[in-house]
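The structure appears below as structure tokens.
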Amino acid sequence: MYAIETENLTKKFDSLTAVDHINLKVNEGEIFGLLGPNGAGKTTAISILTTMKKPSSGKAFVNEKNVVDEADSVRKNIGIVFQDFSLDEELTAYENLDMHAAMYGIPREKRKERIEEVIEIVELKDRLHDLVKTFSGGMRRRLEIARGILHMPKVLFLDEPTIGLDPQTRKHIWEYIKSLQKKNKTTIILTTHYMDEADEMCGRIAIMDYGKIIAVDTSENLKNSLGGDVIILESENNEELEKELSKLKWVEKTELRNGRIYLQVKVGEKRIPQIMKCAKEREIEIESVNLHKPTLDDVFLHYTGRRIREETASGKESMRIRRKAWGRK
Ligand SMILES: Nc1ncnc2c1ncn2[C@@H]1O[C@H](COP(=O)(O)OP(=O)(O)OP(=O)(O)O)[C@@H](O)[C@H]1O
Ligand SMILES: [Mg+2]
């Protein structure tokens, strides 16, 4: 049984195809990441899986329930943390949680107990009766996560769980999410355009671009699919050294570019001593050595020919946050 399964799931907005024939299978208890730049279609995909939007074509199942025909029963089994802020600022943390618990039909006598449990998990116990408008961004996010898990969903959707937060708070939130998955075997689907977040948190990652899933695997396999590490060398005699190194059988590819030698090898750190030895035997002095392990950004570049532009992402992100701040005034 899959926690999530989609068959050619597609969503069109007029001429724009925001989600384009995606086929996903997510196992129970997995932390599964949707990684992609702004506008890739991550939120739209999540909106369909959480029954907030209807697909234009294709099918989607959450815990084997069809998101269109059995929307009510899908809703009962999922928790959502939206990309945009969605708490009531004029209420206290307790009131926000209590309202949500009531909506999910948790009986009054159980609610208090359950709220105390989740508030403990996100370490906001001492702020439980404070108004949300007095909370920092990180505290609000933690409260939203607490609300998302209040009714013990089998599948938890987190849309950009750490957007706009400082590095320390982000790491903290990663820890909560991982512990949730361990303790309760909750299936977690998260979207992000932060590569370090996908790398750190997710068992498997689907890379999304222009509505399409272009690769799905563990971060390690995705990186290994690029063929290995790159060692970058500078020496006093690049031409000769490159020629000699290209004869070594473990060197998969060599290239001379911008006064540097680029070598593609497996497990680069083990090869550096051998490279030094080869150069020494030929009395060529090496001036610098740099080992580059493939990153998810390299994976994205490999499959799309472009880089995920963190600058663009955070630029848009801060615009969105500013807009929201204005909106609230
Ligand atoms: N209601 C809508 N009407 C028209 N177009 C839409 C609508 N919602 C989303 N889109 C478009 O669909 C595409 C995918 O948007 P979506 O919000 O799913 O991207 P995303 O991957 O979540 O991006 P981000 O990282 O910025 O959150 C974008 O081109 C967006 O402009
Ligand atoms: Mg989004």
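These numbers come from a predicted model, not from an experiment. Just so you know, ligand 1 is whichever comes first in the structure, and atom 1 is the first atom listed for that ligand.
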Task: R204 versus V26, closest heavy-atom pair with distance - done: NH2-CA, 4.0 Å

Task: Contacting atoms of ligand 1, where contact means under 4.0 angstrom from a heavy atom of L16 - done: 11 (C), 12 (O), 13 (C), 29 (O)

TODO: Look at the aromatic rings of H151 and Y104 and report parallel, tilted or perpendicular, splitting at 30° and 60°.
DONE: parallel

Open item on the list: Before moving on, can you tell me the angle at the Mg ion (ligand 2) between the OE1 atom of Q83 and the OG1 atom of T43, to the nearest 10 degrees?
Closed with: 80°

Open item on the list: For K223 and D199: C-alpha separation, side-chain torsions, deciding distance, then whether salt bridge (charged side-chain N to carboxylate O under 4.0 Å, His left out) applies.
Closed with: CA-CA 11 Å; K223 291 174 192 167; D199 220 346; 3.0 Å; yes

Open item on the list: For S288 and R260, which I'm curious about, is there any donor-acceptor pair between the side chains at under 3.5 Å?
Closed with: no

Open item on the list: Considering K42, K12, Q83 one by one, which has a heavy atom nearer to atom 25 (O) of ligand 1 than any of the others?
Closed with: K42

TODO: Can you establish whether the number of heavy atoms outside K247 located under 6.0 Å from its atom NZ is more than 12?
DONE: yes

Open item on the list: With respect to G41, determine whether any N or O atom, backbone or side chain, lies less than 3.5 Å from an N or O atom of ligand 1.
Closed with: yes

Task: Check: F13 N/O within less than 3.5 Å of ligand 1 N/O - done: no

Open item on the list: If you count heavy atoms of other groups shown closer than 6.0 angstrom to OH of Y262, is the number above 12?
Closed with: yes

- [ ] Identify, by atom number and element, the atoms of ligand 1 in contact range of T43, meaning under 4.0 Å from any of its heavy atoms.
- [x] 17 (O), 18 (O), 20 (P), 22 (O), 27 (O)

Open item on the list: Test your reading of the structure: does G39 have an N or O sitting under 3.5 Å from an N or O of ligand 1?
Closed with: yes

TODO: Say whether, by atom type as modelled, one donor and one acceptor occur between the side chain of N27 and the main chain of E30 under 3.5 angstrom.
DONE: no

Open item on the list: So, regarding T44 and ligand 1 (criterion: nitrogen or oxygen to nitrogen or oxygen, under 3.5 Å), is there a contact or not?
Closed with: yes

TODO: Report yes or no: does E160 have a heavy atom closer than 4.0 Å to ligand 1?
DONE: yes

Task: Proximity to ligand 1 by part of M208, non-hydrogen separation under 4.0 Å - done: neither

